[in-house]
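Contents: one structure, followed by commentary.
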Amino acid sequence: MGVFTYEGEHVSTIAPARLYKAIVLDSSNVFPKALPNFIKSAELIEGDGGPGSIKKLTLAEGLGYVNHKVDALDVENYVYNYSVVEGSALSESLEKICYEYKLVPSPDGGTVVKSATKYYTKGDAQLTEEFVKGNKERSAGFAKGIEDFLLANPDYN
């Protein structure tokens, strides 16, 4: 098994508490509204939402589904780590994908989202440049969709 890690940083104008609530604590309500062309539904299928819980994202027609296992949840420090353990995001060469996020308040009231993505491959499988680029683009689109939703809904708290 190989492990390939990619780190990134994204700057948002949304305050960390509001962004964290939308992405982590209220994802079942926010994701289908903010990303209707990508996520049909989001639901907790096992656990109470804390570490060890399983969340299922049913993707838009033809895209399948993804099951996330919550690895770490720290509301006070805006940390959220989860692993994709099942579903259409995993190819024949991937065992799992782990995502680690930390939202850091920025001086202007927004957020710096620090992330690390770890791809766990089966055997000696390698990741292609196109695969990694596609995942980065989807992540950027996901972040933009959530931010656009929050900006369009200023009363969402």
Side-chain angles (χ1 to χ4, degrees), residues 1 3-36 38-60 63-91 94-121 132 134-157:
M1 170 181 15
V3 180
F4 300 88
T5 302
Y6 300 91
E7 295 182 353
E9 197 169 280
H10 171 76
V11 177
S12 174
T13 60
I14 309 295
R18 191 165 182 245
L19 191 58
Y20 191 85
K21 179 183 178 193
I23 294 173
V24 179
L25 304 176
D26 196 24
S27 60
S28 295
N29 293 315
V30 173
F31 287 3
K33 293 175 188 172
L35 306 159
F38 186 64
I39 297 177
K40 184 177 174 182
S41 67
E43 62 186 308
L44 187 63
I45 60 172
E46 185 178 311
D48 61 2
S53 298
I54 305 289
K55 294 181 180 182
K56 180 178 183 177
L57 301 180
T58 302
L59 306 177
L63 297 178
Y65 75 97
V66 178
N67 281 354
H68 294 178
K69 179 181 178 197
V70 178
D71 297 320
L73 180 77
D74 182 345
V75 178
E76 290 180 17
N77 293 301
Y78 307 120
V79 172
Y80 184 57
N81 302 343
Y82 67 90
S83 299
V84 173
V85 294
E86 184 180 349
S88 52
L90 297 178
S91 65
L94 282 175
E95 181 178 314
K96 67 180 177 177
I97 307 169
C98 297
Y99 296 91
E100 300 173 358
Y101 293 97
K102 171 134 178 86
L103 281 60
V104 179
S106 62
D108 64 0
T111 303
V112 177
V113 180
K114 296 183 178 197
S115 64
T117 305
K118 296 178 183 177
Y119 298 95
Y120 291 79
T121 59
V132 174
N135 275 356
K136 286 180 180 179
E137 288 172 357
R138 276 188 291 284
S139 291
F142 181 90
K144 180 168 178 12
I146 298 296
E147 289 173 355
D148 288 349
F149 171 81
L150 292 173
L151 290 170
N153 294 280
D155 293 335
Y156 176 82
N157 287 317

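For clarity, every value in this text was computed on a predicted model and none was experimentally measured. Numbers for residues simply follow the sequence, beginning at 1.
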Review point. Does K55 NZ have over 12 foreign heavy atoms under 6.0 Å away?
Key: yes

Study note, to complete from the structure: dist N67:CG -> K96:NZ (nearest 0.5 Å) comes out at 14.5 Å

Review point. Taking K114 as the fixed residue, which of H10, E9, E7 is the one that meets the side-chain contact (heavy atoms from CB on, under 4.5 Å) rule?
Key: E9

Review point. Between G141 and L35, which heavy-atom pair has the shortest distance, and what is it?
Key: O-CD2, 4.3 Å

Exercise for review: Might you work through the side-chain contact (heavy atoms from CB on, under 4.5 Å) test for I14 and L151, ending with a clear yes or no?
Suggested key: CA-CA 8 Å; I14 309 295; L151 290 170; 3.7 Å; yes

Study note, to complete from the structure: Rounded to the nearest 0.5 angstrom, the CG-OG distance for L59 and S88 is 5.0 Å

Exercise for review: Check D26 against N29 and note the closest heavy-atom contact, atom names and distance.
Suggested key: OD1-ND2, 2.6 Å

Check your understanding: What heavy-atom pair brings G49 and L73 nearest, and what distance separates the two atoms?
Key -> O-CD2, 3.7 Å

Review point. Can you find a pair of side-chain heavy atoms, one from I97 and one from T117, that are under 4.5 Å apart?
Key: yes

Practice item. Could you pull out the closest heavy-atom pair between A22 and Y156, with the gap in Å? Key: CA-OH, 3.6 Å

Check your understanding: How many angstroms lie between atom CD of E43 and atom OH of Y65, to the nearest 0.5 angstrom?
Key -> 12.0 Å

Exercise for review: Decide yes or no for Y99 and V84: does some side-chain heavy atom of the first lie under 4.5 Å from some side-chain heavy atom of the second?
Suggested key: yes

Review point. Does the separation of the ring centres of Y6 and Y119 fall below 6.0 angstrom?
Key: yes

Practice item. Is it possible for you to check whether K33 lies under 6.0 Å from the centre of the six-membered ring of F149, through NZ or CZ, and within 45° of that ring's axis? Key: no

Revision key, fill the gap. Note: K69 and V85 closest approach over all heavy atoms is CB-CG1, 4.0 Å

**Study point:** Donor-acceptor under 3.5 Å (S53 side chain, D48 main chain)
**Key:** yes

Review point. Are V104 and P16 side-chain neighbours, meaning at least one heavy-atom pair lies under 4.5 Å?
Key: no

Exercise for review: Please answer whether the main-chain N or O of S12 pairs with a side-chain N or O of T111 as donor and acceptor at a distance below 3.5 Å.
Suggested key: no

**Study point:** Donor-acceptor contact present, side-chain N77 to main-chain V79, <3.5 Å
**Key:** no

Point to revise | Ring center gap for F31 and F142 short of 6.0 angstrom | key: yes

Review point. So, S115 side chain and E100 main chain: donor-acceptor pair closer than 3.5 Å or not?
Key: no

Practice item. Evaluate the side-chain proximity of D74 to N81: yes if any heavy-atom separation is below 4.5 Å, no if none is. Key: no

**Study point:** Closest contact, heavy atoms only, V112 versus S106
**Key:** CG2-CB, 4.1 Å

Revision key, fill the gap. One should read off an interatomic distance between L57 CG and I45 CD1, to the nearest 0.5 angstrom, of 10.0 Å

Review point. Rounded to the nearest 0.5 Å, how far does OH of Y101 lie from CG of L19?
Key: 11.0 Å

Point to revise | K40 atom NZ: more than 12 heavy-atom contacts under 6.0 Å | key: no

Check your understanding: Once you round to the nearest 0.5 Å, how far does OG1 of T5 lie from NZ of K118?
Key -> 5.5 Å

Exercise for review: Fit a plane to each ring of Y82 and H68, take the angle between them on a 0 to 90° scale, and name the class: parallel (under 30°), tilted (30 to 60°) or perpendicular (over 60°).
Suggested key: parallel

Exercise for review: Could you tell me whether the side chain of V70 reaches within less than 4.5 Å of the side chain of V24, counting heavy atoms only?
Suggested key: no

